[in-house]
Peer 1: 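Take this structure first; my questions come after.
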Amino acid sequence: MNVVRLTAWVRGRVQGVGFRWWTRARALELGLVGWAANLADGRVEVVAEGPRESCERLLGLLRGADTPGQVEGVVERWSDAKGSMAGFVER
């Protein structure tokens with residue numbers, strides 16, 4: 001199994017609308033670990049580790065039309081998993 005780390009920065013109207021909670025729920029459904037955190041500039045940072053296919057599915061959901069709020073764009077970065085996280089939390 002190819003385990004990876006996805007870091008995604010989501011911009012738009014994504015704070016104060018349940019976006020981090022929604023992201024956590026989707027990530028847990030996909031068996032991923034990590035976090036979703038509000039950034040000072042209004043974006044949400046999502047860090048997820050797990051099978052590449054599951055991370056790709058999460059990325060697709062983040063870019064989809066069914067998110068809370070309004071996503072204007074998502075920038076992604078892929079890297080090797082660090083394996084230091086447990087669960088998926090809202091920060």
Peer 1: Under the side-chain hydrogen bond (donor to acceptor under 3.5 Å, both in side chains) definition, can you give me all pairs with a residue in residues 63-72, not counting sequence neighbours?
Peer 2: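 Matches after skipping sequence neighbours: Arg63-Glu76.
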Peer 1: Once salt bridge (charged side-chain N to carboxylate O under 4.0 Å, His left out) is applied, what residue pairs with a partner in residues 23-42 remain, sequence neighbours excluded?
Peer 2: Arg26-Glu29, Asp41-Arg43
Peer 1: Minimum heavy-atom separation for Cys55 and Ala48, please, with both atom names.
Peer 2: SG-O, 3.9 Å
Peer 1: Give me the other members of the hydrophobic cluster that Leu39 sits in, counting Ile, Leu, Val, Met, Phe, Trp and Tyr linked by side-chain heavy atoms under 4.5 Å, directly or via other members.
Peer 2: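 Direct or chained contacts put Leu39 with Trp9, Val75.
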Peer 1: Whether Arg57 and Glu53 form a salt bridge (side-chain N of Lys/Arg under 4.0 Å from carboxylate O of Asp/Glu) is what I want to check.
Peer 2: no
Peer 1: Return each pair, listed once, that meets side-chain hydrogen bond (donor to acceptor under 3.5 Å, both in side chains) where at least one residue sits in residues 82-91; pairs must be two or more places apart or across chains.
Peer 2: none
Peer 1: Quick one: pull up OG in Ser54 and CD in Glu49 and give me the separation to the nearest 0.5 Å.
Peer 2: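 These two atoms lie 13.0 Å from each other.
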Peer 1: Mind checking side-chain contact (heavy atoms from CB on, under 4.5 Å) for Val47 and listing every partner two or more places apart, or none if nothing turns up?
Peer 2: Arg5, Thr7, Trp35, Glu45, Met85
Peer 1: Hydrophobic side-chain clustering at under 4.5 Å (ILVMFWY, transitive links): who's grouped with Trp21? Put none if nobody.
Peer 2: Val4, Leu6, Val10, Val14, Val17, Phe19, Trp22, Leu28, Leu30, Leu32, Val44, Val46, Leu58, Leu59, Leu61, Leu62, Val71, Val74, Trp78, Phe88
